[in-house]
Each structure stands twice: as structure tokens, then as C-alpha cells.
Amino acid sequence: MPVKCCFYRSQTTEAMTWSENMDTLLANQAGLDAFRTFLKSEFSEENVEFWLACEDFKKTKNAEKIASKARMIYSEFIEADAPKEINIDFSTRDLISKNIAEPTLKCFDEAQKLIYCLMAKDSFPRFLKSEIYKKLVNSQQVPNHKKWLPFL
């Protein structure tokens, strides 16, 4: 019986740890999936998709793949009227546009930082107050222990 209790506690603890900071949330697949669902409900999933594309891009080793992935990220998220255009300032967009001809693994760093900050300051706090997050945390608790989370 104690094993079952610990199992429930670890599930609850996992969802609760997502509230610690956005890095913890993004590093956990279930947390990332929940955050994406929330962002889709707010029509802003392009932010996390761009951030993830940049994380994948930075791991690229092959020079040819760097160029093709950079063009894909640029056409999908950066250029004017891109299908998933992210909200970044003109100077950052302009710098990327100039550097896309000969991209490096750092060419999206500034835009990625801006989007991360936007998510951390805006989307993440709203996610923690959302019904999506509350339902996840509540559904993972042992039924008679709901008083354990008084802030929900």
C-alpha cells in the first residue's frame, strides 16, 4: 500500500514542480505537452514551437543541415507573414534577415531569448492559474488529500 501512496505523491510532485520555473516545465515532456495545450487555447503556440525549434537547431552539427534548418525556422517563424510568425522587435528580425544567408548556430539566440522572456513573464504565470494546470494537479492527487494544495 505505501508504494501506491508514493506513486500518487510522485505524480503530484511532478506536476507541482512545473510551477517552480519555466525551465522545469519545459524539461518535462508531460509539462511541455500541458503548456502547449494551454498555449494553443490562447492561440500562441508558435512561441513554444519556435523555442523548441531553436533548441533543436542548436544541436545541429552538419553545416548543410544548419543552413536548411535555419531557412526552415526563418520561413516558418521570422519572415513577414510567416505561417507561425513570432512577435519580436524589428531590429532583431532585421538582424536575423541579414544573417540568414550565412547562418550560425547562434543566429536565433536573441529572438529565442525574447520569446523565452515573453513566455516566462506572460504565458507561464497564466498557465499556472489555468484550468488546464489546476485539473492536472488535482487529478493527480489522492482523493482525500485535496486540502494539501490550498492555493488552487
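Here, residue 1 is the first one in the sequence, and each next residue gets the next number.
Closest of all the heavy-atom pairs between F38 and I132 is CA-CD1, 3.5 Å. The nearest pair of heavy atoms linking Y133 to S19 is OH-CB, 3.6 Å. Shortest non-hydrogen contact noted between C54 and I73 is N-CD1, 4.4 Å. Between A111 and I88, the shortest heavy-atom distance links the atoms CB-CD1, 4.2 Å. Among all heavy-atom pairs drawn from S75 and P83, the shortest one is O-CD, 3.3 Å. Taking each heavy atom of A53 and F77 in turn, the nearest pair found is CB-CE1, 4.1 Å.
Using cut-offs of 30° and 60° for the angle between ring planes, the W51 and Y116 rings count as tilted. Between F108 and F50, the ring planes are perpendicular. Angles over 60° get that label, and only those under 30° would be called parallel.
A distance-only check finds no donor-acceptor pair linking the side chain of D56 to the backbone of L52 [under 3.5 Å].
Ion pair R126/D122 flagged as a salt bridge, since at least one NZ, NE, NH1 or NH2 atom sits closer than 4.0 Å to an Asp/Glu carboxylate oxygen. A salt bridge links E85 with R93; the closest basic N to acidic carboxylate O contact falls under 4.0 Å.
Side-chain contact between V137 and W18 is absent, with no heavy atoms from C-beta onward closer than 4.5 Å. Counting only heavy atoms from C-beta outward, the side chains of E55 and L26 never approach each other to under 4.5 Å. Two residues are said to be in side-chain contact when any heavy atoms from C-beta on lie closer than 4.5 Å; V48 and L32 meet this criterion.
Once rounded to the nearest 0.5 Å, the distance linking CG of N47 with CG of N87 reads 8.0 Å. K121 NZ to M22 CE: the interatomic distance, rounded to the nearest 0.5 Å, is 11.0 Å. A distance of 9.5 Å separates CG in N62 from NZ in K69, rounded to the nearest 0.5 Å. The structure places OG of S44 at 4.5 Å from CG of L39, a figure rounded to the nearest 0.5 Å. Between the NZ atom of K59 and the CG atom of L105 there is a distance of 12.5 Å, given to the nearest 0.5 Å.
Under the side-chain hydrogen bond (donor to acceptor under 3.5 Å, both in side chains) criterion, R36 pairs with no residue at all, not counting sequence neighbours. The side-chain hydrogen bond (donor to acceptor under 3.5 Å, both in side chains) check on S123 picks up nothing, with sequence neighbours excluded.
A side-chain contact (heavy atoms from CB on, under 4.5 Å) with I78 holds for exactly one of T92, I96, I100; it is I96.
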### Task
Assess whether side chain to side chain contact (heavy atoms under 4.5 Å, CB included) is satisfied between Q112 and K58, documenting all intermediate values.
CA-CA 11 Å; Q112 187 183 21; K58 290 190 280 190; 2.9 Å; yes
### Message
Run M119 and F124 through side chain to side chain contact (heavy atoms under 4.5 Å, CB included) and show every step you take.
### Response
CA-CA 6 Å; M119 290 191 300; F124 181 63; 5.7 Å; no
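More than 12 heavy atoms of other residues, nucleotides or ligands shown are found within 6.0 angstrom of CG on D94. Within a 6.0 Å sphere centred on CD of E20, other residues, nucleotides and ligands contribute more than 12 heavy atoms. Within a 6.0 Å sphere centred on NZ of K106, other residues, nucleotides and ligands contribute 12 heavy atoms or fewer.
Both L114 and Y74 sit in one connected hydrophobic cluster of ILVMFWY residues. Membership requires side-chain heavy atoms under 4.5 Å apart, directly or through other members.
Defined by atom type and a distance below 3.5 Å, a donor-acceptor pair is missing between the side-chain atoms of T60 and K65.
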